[in-house]
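So the structure is just underneath, and the comments pick up after that.
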There are 2 protein chains.
Amino acid sequence: MSLIETAAAESGGSLHQRILSDISEKILSGAWAPGHRIPFEHELTAEYNCSRMTVNKALSQLAKAGLIERRRRSGSFVRRPQSQAAVLEIHDIRIEVEALGLLYRYERLARLKRRSSAEDRALLELTAAGPVLALECLHFAGQRPFAHEQRLINLTAVAEAGEEEFLEIAPGPWLIGRVPWSEAEHRIRAIAADQHIADALDIEPGAPCLVVERRTWSAEHPVTHVRFTYAAESHTLVARFKPSQG
Amino acid sequence: MSLIETAAAESGGSLHQRILSDISEKILSGAWAPGHRIPFEHELTAEYNCSRMTVNKALSQLAKAGLIERRRRSGSFVRRPQSQAAVLEIHDIRIEVEALGLLYRYERLARLKRRSSAEDRALLELTAAGPVLALECLHFAGQRPFAHEQRLINLTAVAEAGEEEFLEIAPGPWLIGRVPWSEAEHRIRAIAADQHIADALDIEPGAPCLVVERRTWSAEHPVTHVRFTYAAESHTLVARFKPSQG
DNA sequence: ATGGCTATTATGTATATACATATTGAAACG
DNA sequence: CGTTTCAATATGTATATACATAATAGCCAT
């Protein structure tokens, strides 16, 4: 069966876009693991019955996005997910807590696999329905709850997350070790704690909290949406910039 | 004189890369302002003496990167910078307010020139005493107060700020137009409004607020420290990242 | 005027082709 | 046996060409 028949999902209709999203789906689903050699340009040319330039355009973009690595004479290979530098850019609660000199502890409160609701699709910016994993977790600093985490994982993009219980490892580090991210969006705001959050963080209802929501994409595919809620006294976000160019 | 002779900077040697970096340099330097129509593909084809495909590859990448916007039949245009968007979005309050479709109004509450106190020096990370300008301002969206601003300007670094009253123009845009920044640090947190902030923003004392503090340096010199306070319901910070690794 | 048709224009996508370049495996040589 | 050389291979870049598509300007007829 050719790739053409199983063809892609959404994407802007053009052939090189379809090739691109076919391949990135294979990578993100885990069907093609890191290190896997993806078909040569001339093979894809045959698969899709198109010119090499068209295939090349798709593969060049994948390389630019960091999903694959291309080597002359050898072929193109699925890359290992992003480096540590990028990991630091996405803040890791364990590291924050340990930087404070406190003992870190993680607890999973709830886990539910379900078909995406309309709300789920809005949060993940998904167009089509599909399986998602909903998680609720708590992160502790010493004895005190430090952050509450509410997370959705798009199982269409990261199928193997459906098999993980997340009892021992938090979903953040788990995902970072597996899925290369190509883009992230943060939304940051202040809220008054509702009863649920107040109970979880052991604070008064109505107390101010910092909410950080993050959406992550990998090569155009929504991967996860997470909302961290911190009690006001417990946390300050720090970000240092230099003016960027290019 | 052709672009070829003034040609590009660094970049990987290939022609489309050079075209790309020539153009992005024009844009980032401000030589081509937002809205400026960049040369048509066929003009660049002539400039660089290459095929349209080569020019197209460069322009397509620029469009994908968000630096330009392409419109059929009309040409390609410089977009309002997005790479700085994360920073500007945070700090040009006028733009934020107008993006909400509301009327922006600015008001200076207080202005005081003084020798830096110990607290001032801590906020600015100054080692030696010297003159500073302390400002307190309000930004309105429509009828409602939107953000409260408390600012220190290091007059040793920006002497001419001492002559400015800041009655008509807010210190943020004034500084941006004069002082190039080389580094900035943000601290973001949630607080409960104290009486002073509650009065200024017309909210209840104890209501949650988002606080964004920003320190800016220009060539190692501390320039300014500013604290913005937003009522919780009025504001969400948005920041989009791509991983920095190549 | 006004609505609709058509020609023009710039971009969007794709093809076939060509040559350059890096890398590898194997053959040729000392 | 080790080294050099060479040919094969996959990607990298560029060309000339073609047709599709979207937006606009101008024209025409009502």
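By convention in this document, chain letters (A, B, ...) are assigned in the order of the sequence lines, proteins followed by strands, and residues within each chain are numbered from 1. All values reported here derive from a predicted model rather than from experimental measurement.
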Check every atom of C:dA14, C:dT15, D:dA23 against the side chain of A:Ser51 and return the nucleotide holding the closest atom.
C:dT15

For atom CD of A:Glu165, is the number of surrounding heavy atoms from other residues, nucleotides or ligands below 6.0 Å larger than 12?
yes

Euclidean distance, atom CG of residue A:Asn49 to atom C1' of C:dT13 [Å, nearest integer]
16 Å

A:Arg73 atom CZ is separated from D:dT9 atom C1', nearest whole Å, by 5 Å

What's B:Leu59 touching, base or sugar-phosphate or nothing? Going by heavy atoms closer than 4.0 Å.
nothing

Here the distance between atom P of D:dT13 and atom CD of B:Gln17, to the nearest Å, is 7 Å

Provide the closest heavy-atom pair for B:Ala231 versus B:Cys209 in the form atom of the first, atom of the second, distance.
CA-SG, 4.4 Å

Can a side chain N or O of B:Thr54 be found less than 4.0 Å away from OP1 or OP2 on D:dT15?
yes

Between C1' of D:dA10 and CZ of A:Phe77, the distance in whole Å
10 Å

Base D:dT21 to side chain B:Arg72, donor-acceptor N/O within 3.5 Å cut-off:
yes

Taking N and O atoms by type only, does the side chain of A:Arg52 place a donor or acceptor under 3.5 Å from a partner on the base of C:dA16?
no

Partner of A:Tyr104 under side chain to side chain donor-acceptor pair (under 3.5 Å), chosen from A:Arg94, A:His139, A:Glu98:
A:His139

Under 4.0 angstrom, heavy atoms only, what part of the nucleic acid is A:Ser76 near: base, sugar-phosphate, or nothing?
sugar-phosphate

Salt bridge flag under 4.0 Å for residues A:Glu163 and A:Arg178:
no

Taking C:dG12, C:dA14, D:dT24 as options, the one with an atom nearest any side-chain atom of B:Arg70 is C:dG12

Answer yes or no: is there an ion pair linking B:Arg187 with B:Glu185, defined by an N-O contact shorter than 4.0 Å?
yes

In whole angstrom, what separates B:Asn56's CG from D:dA14's P?
13 Å

Here the distance between atom C1' of D:dA16 and atom NE2 of B:His42, to the nearest Å, is 18 Å

Rounded to whole Å, please give me the gap between CD in B:Glu41 and C1' in D:dA18.
15 Å

Nucleotide D:dT11, atom C1' - distance to CD1 of A:Ile38 in whole Å
12 Å

